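These figures come from a predicted structure and were not determined experimentally. In this chain, residues are counted from 1 in sequence order.
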Amino acid sequence: MSENSNTSIARTRSWFYTLRTIFFREFRSFLGTPFGWVILGCAVAMQGFWLQTALQIMTKATGESIMFYMLDNVNFWFFFIFIFPLITMRSLAEEESHGTMEGLLTAPVTTTQIVLGKYMASLFFYVILWLPMLLYPAMSDLGNLYTSIRYDVVPEGRINYVPADWFGPLSILFISGCFFIALGLLCSSLTRSQIIAGIVCTCAIIIYYFMGRVPELWGEFPAAPAFHYISISEQISAFSRGLIDTRPLVLYITLAVLILALTTRIVDYRRWHR
């Protein structure tokens with residue numbers, strides 16, 4: 001192996017080692033403080049509430065997956081919209097307010113490593129919030145009904161399920177989360193105030209959410225397909241029914257990459273204008 005190849009491999013390893021260091025530093029800020037555990041506790045409580053509501057509905061109706069009934073309610077959207085500002089508002093704004101951004105930007109790390117490290121830590125913590133839902137299918141009995149992924153009431157009172165109906169909703173929650181976490185990180189890079197970053201992120205997500213519901217308010221018009229395409233509520237509803245579509249994957253991954261690139265440019269601007 002040539003000397004140039006060895007040098008390239010060493011640089012690559014060093015780059016990923018630095019990225020890993022930033023990732024663990026940021027991730028410890030979630031699980032190493034009461035703030036992260038409070039969010040996790042609220043997430044588990046809300047998921048239990050959704051499950052209880054879905055079980056009550058399933059005793060009166062059949063034909064839909066339990067995840068459809070768990071995610072198709074106002075309480076889910078309240079949690080889903082506000083969880084992203086809570087996760088991301090501290091990422092870069094806290095560094096600015098505490099004065100630690102100066103040391104971070106002058107360290108031998110690239111702006112891309114800073115942004116990616118913080119993004120990956122936030123996204124990983126977001127995934128952890130949904131892991132407790134994987135425990136529900138393993139529970140044997142809840143109020144004479146077996147917790148399951150797809151409910152079809154049978155004479156014995158037991159319930160059969162289809163695993164694909166569990167995979168779909170969790171997939172769209174993760175895919176859309178990739179975009180919303182990136183959006184929250186962008187908002188956090190624009191200000192040194194965590195409160196302002198959280199408010200801006202919340203407003204941006206609410207605007208995006210209601211853009212998908214424009215056809216419900218104005219009816220079907222020539223541009224309506226575009227609003228249906230970006231509708232997160234329609235996507236979650238479809239995935240909860242087991243209808244897997246690759247278009248949201250392309251949409252959210254593309255938006256996440258573009259927003260992360262913009263965030264990198266903003267942090268880079270601050271880096272060279274200090």
Side-chain angles (χ1 to χ4, degrees), residues 8 10-30 81-127 174-212 226 229-230 232 247-274:
S8 178
R11 288 178 178 175
T12 301
R13 288 178 177 175
S14 176
W15 195 92
F16 281 104
Y17 177 80
T18 303
L19 177 63
R20 186 183 66 176
T21 302
I22 296 175
F23 167 82
F24 282 113
R25 173 181 178 271
E26 184 69 15
F27 187 68
R28 282 195 297 268
S29 69
F30 289 111
I81 289 175
F82 286 95
I83 193 61
F84 298 104
L86 289 175
I87 293 176
T88 60
M89 67 182 185
R90 302 167 64 243
S91 298
L92 294 169
E94 185 180 48
E95 300 278 6
E96 286 282 354
S97 62
H98 290 179
T100 55
M101 180 64 81
E102 185 76 26
L104 189 61
L105 293 179
T106 55
V109 297
T110 65
T111 307
T112 302
Q113 289 171 324
I114 295 173
V115 173
L116 281 182
K118 289 181 173 292
Y119 173 75
M120 292 169 59
S122 299
L123 183 61
F124 192 70
F125 180 72
Y126 170 73
V127 171
F174 172 74
I175 295 169
S176 59
C178 291
F179 163 56
F180 292 125
I181 291 292
L183 183 61
L185 200 63
L186 172 64
C187 296
S188 184
S189 70
L190 296 173
T191 177
R192 62 174 60 236
S193 171
Q194 299 179 39
I195 301 301
I196 295 177
I199 293 174
V200 172
C201 181
T202 301
C203 293
I205 295 176
I206 291 176
I207 291 173
Y208 183 87
Y209 170 77
F210 280 105
M211 283 177 63
Y229 178 71
I230 66 174
I232 180 64
R247 291 178 298 173
L249 173 63
V250 175
L251 172 66
Y252 291 126
I253 296 302
T254 302
L255 290 175
V257 171
L258 292 176
I259 291 176
L260 287 176
L262 179 59
T263 304
T264 302
R265 296 295 296 174
I266 292 174
V267 177
D268 236 351
Y269 177 84
R270 289 186 174 184
R271 184 173 200 157
W272 301 114
H273 286 77
R274 287 180 177 271

**Report entry** Pairwise distance CG(Asp268) to OG1(Thr110) - rounded to 0.5 angstrom
**Finding:** 8.5 Å
Query raised in the report: Atom OG1 of Thr191 and atom CD1 of Ile196: how far apart are they, to the nearest 0.5 Å?
Result: 4.5 Å
Requested in this report: Keeping the roles fixed (side chain from Thr111, backbone from Thr264), state whether a donor-acceptor pair exists under 3.5 Å.
Outcome: no
Query raised in the report: Do the two ring centres, one from Tyr208 and one from Phe180, sit under 6.0 Å apart?
Result: yes
Report summary line: In this structure, CZ of Phe179 is separated from CG of Leu260 (nearest 0.5 Å) by 11.0 Å
Report task. Considering non-hydrogen atoms only, spot the tightest contact between Tyr119 and Ala256 and give its length. Result -> OH-CB, 4.2 Å
Report task. Kindly write out the residues that satisfy side chain to side chain donor-acceptor pair (under 3.5 Å) with Tyr229, not counting sequence neighbours, or none if the list is empty. Result -> none
Query raised in the report: What is the ring orientation for Phe125 with Phe30, classed by angle as parallel under 30°, tilted 30 to 60°, or perpendicular over 60°?
Result: parallel
Query raised in the report: What is the minimum heavy-atom distance between Ile266 and Ser189, and which atoms define it?
Result: CG2-O, 3.8 Å
Query raised in the report: Which pairs with one or both residues in residues 108-121 pass salt bridge (Lys or Arg N to Asp or Glu O under 4.0 Å), sequence neighbours excluded?
Result: Glu26-Lys118, Glu95-Lys118
Query raised in the report: Could you give the distance from CD1 (Ile230) to CZ (Arg247), rounded to the nearest 0.5 Å?
Result: 13.0 Å
Requested in this report: With side-chain contact (heavy atoms from CB on, under 4.5 Å) as the test, would you mind laying out the steps for Ile205 and Phe84 before giving the verdict?
Outcome: CA-CA 9 Å; Ile205 295 176; Phe84 298 104; 3.7 Å; yes
Query raised in the report: What are the two closest non-hydrogen atoms of Val200 and Cys187, and how far apart are they?
Result: CG1-SG, 3.7 Å
Query raised in the report: Between Leu19 and Gly117, which heavy-atom pair has the shortest distance, and what is it?
Result: CD1-N, 3.4 Å
**Report entry** Straight-line distance of Ile195 CD1 to Met89 CE, nearest 0.5 Å
**Finding:** 5.5 Å
Query raised in the report: Between Tyr252 and Phe174, is there a donor-acceptor pair closer than 3.5 Å when you use the side chain of the first and the backbone of the second?
Result: no
Report summary line: Shortest non-hydrogen pair, Ala182 vs Thr263, comes out as O-OG1, 4.4 Å
Report summary line: Correct closest heavy-atom pair for Ala197 and Ser188 would be CB-CA, 3.8 Å
Query raised in the report: If you measure from CZ on Arg90 to OG on Ser122, what distance do you get to the nearest 0.5 Å?
Result: 9.5 Å
